[in-house]
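What follows is a short report on a single structure.
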2 protein chains.
Amino acid sequence: MSPSDTRTALDRLGLATALAKARKSYAEGGIPIGAALVFHGNDSSSASQPPPQGNEGVAALSLSSGAAVLGSAHNARIQKCSPTLHAEIAALEDAGRLGAGVYRRCTMYTTLSPCSMCTGAILLYRIPRIVIGENTNFVGGEDLLRSAGVEVVVLQDGECRELMARFIKEKPEEWNEDIGEIS
Amino acid sequence: MSPSDTRTALDRLGLATALAKARKSYAEGGIPIGAALVFHGNDSSSASQPPPQGNEGVAALSLSSGAAVLGSAHNARIQKCSPTLHAEIAALEDAGRLGAGVYRRCTMYTTLSPCSMCTGAILLYRIPRIVIGENTNFVGGEDLLRSAGVEVVVLQDGECRELMARFIKEKPEEWNEDIGEIS
Ligand SMILES: [Ca+2]
Ligand SMILES: [Ca+2]
Ligand SMILES: [Zn+2]
Ligand SMILES: [Zn+2]
C-alpha cells in the first residue's frame, strides 16, 4: 500500500475500534463514547525504532510497519462511577505507562470531539494527531489542539453521530454531568 | 471567623491535605504530588443549598458552613502504573460522580502547578479556583486557567517545593515520563 492508503486504512481501523467501544458502552447503559490510541510506527523518522508492546494485547494488530492499537476503551462514568474516565483518558489508561517518545508517534481516535480534559491529556503527551468521529453533538478543544500544532481530522461519521444523539436524547442528565453542564 | 479568615484557614487545610497525600506517595516510592478537591459551601449565592456528601469521608471536615474535603489523592503513576492518575485527576476520581453545580463551588488544591491534562479537567468542570503549592519545579496551565476566569493562587510553599525537588533529583526519568518529556 502507498503511505496515504496505509493511513486511510489505519484511520478506518482506528475509528472502528473506538466505535466498537462506544457501542459496548451503550449496550451496558453507559455513555457511548469510545477511543483508541494507535501507534503509527511507520514514520520514516522512527523507522529504526521498535514498536512498543501493548500491556494486554486485546486489540493489538499490525497494518503497516509496527502499527498497533496500544489502548482502547470507552467512557466509564456510569459503569465505574467515574468522573475522569472519559474515553480518551480510559484509552491512555488502557495503554499503560509509555515512554514520552511513544506518544509522539501515535494517533488518538475518538468517536466525539474531545472535552477540555481530554484535549489537555493529548497536549500533555504531545500526541501529534487526533481523528474525531464527529463534532455535531459536542465541540471540544479542537481549536486549542490546532493552535498547539496537533493535526485534527473530523470524519463526520454518521454512526458515531447517531449513537451519541440517541444517548443524549435518552439520558440528557448523564450527558450533562459528563461535560460539567447543569441540567 | 471573618470570611477572609475562613478562606485562609480553608486554604491552609486544603494545601496541608494535598501535601499529606504527596508525602504518602513519596514514602511509597511514588511521585510526590498531592491534590484535594474542597467544597467551599459558604458562598452567599449557595447558602440555601445543602453540601454534597463525600463518597468515603476519609478527610471530610467542616470549617465553615458546609465546607468539606470531597476528594484527596496523590499521583499514582508508579503505584498503579497509571499514566492518567495525576494528583488532580485522582482527587476528582476520589470525589466520585458529582453534579455540575457542586464543582462550581469547589477549590482544587494541588502541591504543584497543574499540567495540561489537569488544567483541562478543572476547565471541564468549571472549578472556579485553584490553590497551587508551588510552581518553581514545573509551570503548567496557569495562564490558560486565568484566561478562562479561574482564580489562581500560588503559595510558593517551601515544603511542597523541597519534596518535589528531591524527587526530581532522585528519579528524573519517572518525572519526565509524567510530564511527557523525553529523558
Ligand atoms: Ca483494552
Ligand atoms: Ca481519599
Ligand atoms: Zn473528555
Ligand atoms: Zn496533571
Side-chain angles (χ1 to χ4, degrees), chain A residues 31 37 55-56 70-71 73 76-86 88-106 114-127 138 140-141 144-145 147-148 150 173-183, chain B residues 31 37 55 70-71 73 76-86 88-106 114-128 138 140-141 144-145 147-148 150 173-183:
Chain A
I31 298 178
L37 182 72
N55 65 340
E56 52 180 51
L70 302 185
R77 174 174 297 275
I78 291 174
Q79 293 93 329
K80 294 187 181 173
C81 212
S82 169
T84 69
L85 284 171
H86 277 194
E88 300 90 329
I89 299 291
L92 289 168
E93 196 63 22
D94 188 48
R97 285 177 63 181
L98 299 169
V102 176
Y103 294 108
R104 297 178 192 201
R105 291 183 284 150
C106 284
C115 81
S116 300
M117 172 176 65
C118 298
T119 294
I122 288 161
L123 295 175
L124 168 63
Y125 288 121
R126 279 84 143 181
I127 297 171
F138 178 79
L144 183 60
L145 289 169
S147 73
V150 176
E173 291 186 0
E174 275 82 355
W175 171 235
N176 281 333
E177 184 187 305
D178 202 52
I179 54 174
E181 294 282 0
I182 293 173
S183 282
Chain B
I31 297 176
L37 182 72
N55 65 339
L70 301 185
R77 174 174 298 275
I78 291 174
Q79 293 92 330
K80 295 187 180 173
C81 212
S82 170
T84 70
L85 285 171
H86 278 195
E88 301 90 330
I89 298 291
L92 290 167
E93 195 65 21
D94 188 46
R97 286 176 62 180
L98 299 169
V102 176
Y103 295 108
R104 296 178 193 201
R105 291 183 284 151
C106 285
C115 81
S116 300
M117 173 176 65
C118 298
T119 294
I122 288 161
L123 295 175
L124 168 63
Y125 288 121
R126 278 85 145 181
I127 297 171
F138 178 79
L144 183 60
L145 290 169
S147 73
V150 176
E173 292 186 359
E174 275 81 355
W175 171 235
N176 281 332
E177 184 188 304
D178 202 53
I179 53 173
E181 294 282 359
I182 294 173
S183 283

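Between the CD1 atom in B/Ile89 and the CD1 atom in A/Ile89 there is a gap of 5.5 Å [rounded to 0.5 Å].
Nearest heavy-atom pair, A/Pro83 versus B/Tyr103, reported as atom, atom and distance to 0.1 Å: CB-OH, 3.6 Å. Shown here for A/Ile179 and B/Arg126, the closest heavy-atom pair between the two residues is O-NH1, 2.9 Å. When all heavy atoms of A/Leu92 and B/Thr84 are compared, the pair lying nearest together is CB-CG2, 3.7 Å. Minimum heavy-atom separation, B/Ser116 to A/Gly120: CB-O, 3.2 Å. Between B/Glu177 and A/Tyr125, the shortest heavy-atom distance links the atoms O-CE2, 3.7 Å. B/Arg104 and A/Gly180 make their closest contact through NH2-O, 2.5 Å (heavy atoms, listed as atom of the first residue, atom of the second, distance).
Heavy atoms of A/Cys81 lying under 4.5 Å from chain B belong to its backbone as well as its side chain. With a threshold of 4.5 angstrom between heavy atoms, A/Ser82 approaches chain B through its backbone and through its side chain. For A/Leu144, the part sitting under 4.5 Å from any heavy atom of chain B is the side chain, from C-beta outward, and nothing else. Neither the backbone nor the side chain of A/Ile127 comes within less than 4.5 Å of any heavy atom in chain B.
Note: B/Ala121 leads B/Ala121, B/Gly140, B/Ser183 in heavy-atom pairs under 4.5 Å with chain A.
Annotation: A/Glu181, atom CD; neighbour count of heavy atoms from other residues, nucleotides and ligands within 6.0 Å is above 12.
A/Arg97 is not listed as a side-chain neighbour of B/Lys80, based on a closest heavy-atom distance of 4.5 Å or more.
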